[in-house]
Amino acid sequence: MRWLWIPVTCLLFGIPQPKVSATKDGLPLNPNLDEPTEYPLFEYEDVKIPAPTRGLLYPRDSETREVRSLDGMWGLMKSSPEDPLEGIREKWFLNTLRQTGREIIAMPVPASYNDITTDDLRDHVGTVWYERTFFVPRSWRVNQRTWLRFSSVHYSAVVWVNGQNATSHSIGHLPFEAEISRLLNFDAENRITVMCDNRLGNRTIPQGSVYEATTDYGPVPVQGYTFDFFNYAGIHRSVHLYTTPLLHISDIEITTKLTTEGLGRIDYLLWLDGSQEGLRIQPTHLLVQLRDRDGEVAAQQINKAVYHGSLLLPNAKPWWPYLMHPDPGYLYELQFELFVASNEEETDADALQDAYRLPVGIRSLSWSNDSLLINGKPLYLRGFGRHEDSDIRGKGLDNALLARDFSLLKWIGANAYRTSHYPYSEESMQFADQHGIMIVDECPAVNIDIFEPQLLEQHMSSLEQLIHRDRNHPSVVAWSVANEPRSTKQGAFKYFESLVNFTRSIAHGRPLTAAINASPTTCHLAQFLDIVGFNRYNSWYQNSGRTDMIVNLLTNEAQSWRDKFGKPIIQFEYGGDTMEGMHSLPAFIWSEEYQVELFSRHFKAFDELRERKWFIGEFVWNFADFRTAQTITRVGGNKKGVFTRNRQPKEVAFLLRWRYFALAKELDQCPLPQDLTVYISKHVHNEL
Ligand code: GCB
């Protein structure tokens, strides 16, 4: 199977910005939002289904490929908020940005640009321009193709190389790439220019609205949005250059299964991509080898003229979640080697054309109306909603933070998290595979409202790109199609029916879920899902201060979801804001004691629900404190973290650790960690 890659290099001249209407419980509204009473009726048949994404394998070097990072200091220049597309009109990309005569500042990549400087860049609305130069070795000119890959630019980007358009992309948190061989100088310096636009409108995922505010200095555009996290922007994740041979392996899809007898099976499907010259090269065969952790070949296959197949492994080592097995996160390496006839006269041996290695975990995932199972064993998910967020770097990828977060997840005994409210970095997905942390993988559709065909197309595209990116990760146990959409609205039924039908057709063996804040009687989304997830803030947004009402309210609500939809139920969010260091006895809202009491009453409710068998998970909101837009309900951001923004524990972390390890012991006979208790006296152990 082979196909020719033709990069689509259409320019994206900004995004139309009509106003969006939306509400957010507990948060102030954008002043100029009008709530429509009627939704336009439209034919869903007219909705354009997104074409399948191809390519975008994570850049890995091999004997046939080279990877170079373009991370580091880039130059950044703001364009005027009143005229975000001036740089397109004036063709700033044709020369170095310095030629514009404007101020260029040093900007680290990856990072959000918002919190780096001390001026108004934080709240800038519109476009900024990034630029950097680089060289490529001359050896890349011959028999090679060079690719430029961005792991995420938020929200939309247009990219030029040496003044020529290379690619464009919108929807943050997702990778995109283009072949740039024909744009490169091999004997001189090269320049990349990126225009990054952070504006959100009613057809972007997520939605927002840009409105004009009247200030003392005149009218200024302001970005409004109803979701509860700061709209950080910029080149958020790594930028890579990488090479491939002319004919190369461009895409891989795998599916794994494990029988009860321990027989592992990996089905693989490969795509090959050739340039004009590449297509003249005839592969002779494909060698597929599965290597275990010690590098030993555990299974192999040679294919001629077909690029798909199955590997069978008696006594496969399964991929297990953390604390469900003494050796969680077991990964094999699946090595693909593509051979062509050799040019060397003196040898008959075929020559290696391309090699790519993919980490693979072997596991079965299945679900029923009562449970979600891994390798035939029912799961109880215990974890968090999280954010990619930290001081100074905002949503920029930070490996130190990533490693710290995974240390904390393991310390606290969590086995899962939801990538609320957008796809997280590819590096974090790899970490989750390695550590056995299960992922509920969410697309960036947070708080969506006005349900229109153009929004649906974007929404489908965000899910298509997410599933394409993450389908090979053993850690992904469900796709979340949305967080708190306004699913009680008239337009929601048709919208979600279409969205879920589409997503199910590409779901690659995972159930579909969503985090819903409507009620079971009013929600038009839940009936389409495989797992019903709800968010509820008992004793916080409702009945503030009354922790004595949690157990009844929560168990009754979960039962209602179950009665109405007959599906496994999960709570995706509960919690309360907590100021680190604020104490009150008896407990009072915002104090550390209140967070402890609120969690403990939730645990009681969860235990009652667990006995009903269809309740399959509890997720705290949130793993750590995080930055939001400025509102009177947020003190420096959202403070519902179990950890501070600086990743230190609040008092509740120790309680939650007990809870999560107690569940691991009860459900999977996992030993408790030694340091869970501290010495007090011969007769008493402190369990907190
Ligand atoms: C929610 C949202 C989440 C918010 C959270 C809160 O329901 O899903 O994005 O941060 O509530 O703290 O209000």
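Both counts, for ligands and for their atoms, begin at 1 and track the order of listing.
Relative to atom 3 (C) of ligand 1, the option among H421, H387, R536 with the closest non-hydrogen atom is H421.
Interface of F626 with ligand 1, defined as ligand atoms under 4.0 Å from a residue heavy atom, comprises 10 (O). Atoms of ligand 1 lying under 4.0 Å from any heavy atom of N638, numbered from 1 in the order shown and given with element: 6 (C), 10 (O), 12 (O). If you number the atoms of ligand 1 from 1 as listed, the ones under 4.0 Å from a heavy atom of R634 come out as 6 (C), 12 (O), 13 (O).
Contact annotation for F229 and ligand 1: no heavy atom of the residue comes within less than 4.0 Å of the ligand. Of the heavy atoms in N483, only side-chain atoms (C-beta onward) come closer than 4.0 Å to ligand 1.
Residue contacts with ligand 1: F227 is excluded, as none of its non-hydrogen atoms falls under 4.0 Å. The closest approach between any non-hydrogen atom of F572 and ligand 1 is not below 4.0 Å. The closest approach between a heavy atom of N535 and any atom of ligand 1 is below 4.0 Å.
Applying the ring pair (Phe, Tyr, Trp, His ring centres under 6.0 Å) test to W614 and every residue at least two apart in sequence or in another chain returns nothing.
A salt bridge (charged side-chain N to carboxylate O under 4.0 Å, His left out) with E618 holds for exactly one of R659, R610, R382, R536; it is R659. Considering K640, R627, R634 in turn, R634 is the only one that fulfils the salt bridge (charged side-chain N to carboxylate O under 4.0 Å, His left out) rule with D228.
Residue pairs meeting the salt bridge (Lys or Arg N to Asp or Glu O under 4.0 Å) criterion with at least one member in residues 641-656, sequence neighbours excluded: D389-R645, D391-R645, D405-R647, D625-K650.
Of the charged side-chain nitrogens involved, none lies within less than 4.0 Å of a carboxylate oxygen, so that R510 and D470 do not count as a salt-bridged pair. A salt bridge does not link D370 with K567: every distance from a Lys NZ or Arg NE/NH1/NH2 to an Asp or Glu carboxylate oxygen is 4.0 Å or more.
The aromatic rings of F643 and F623 lie tilted to each other, with the angle between the two planes from 30° to 60°.
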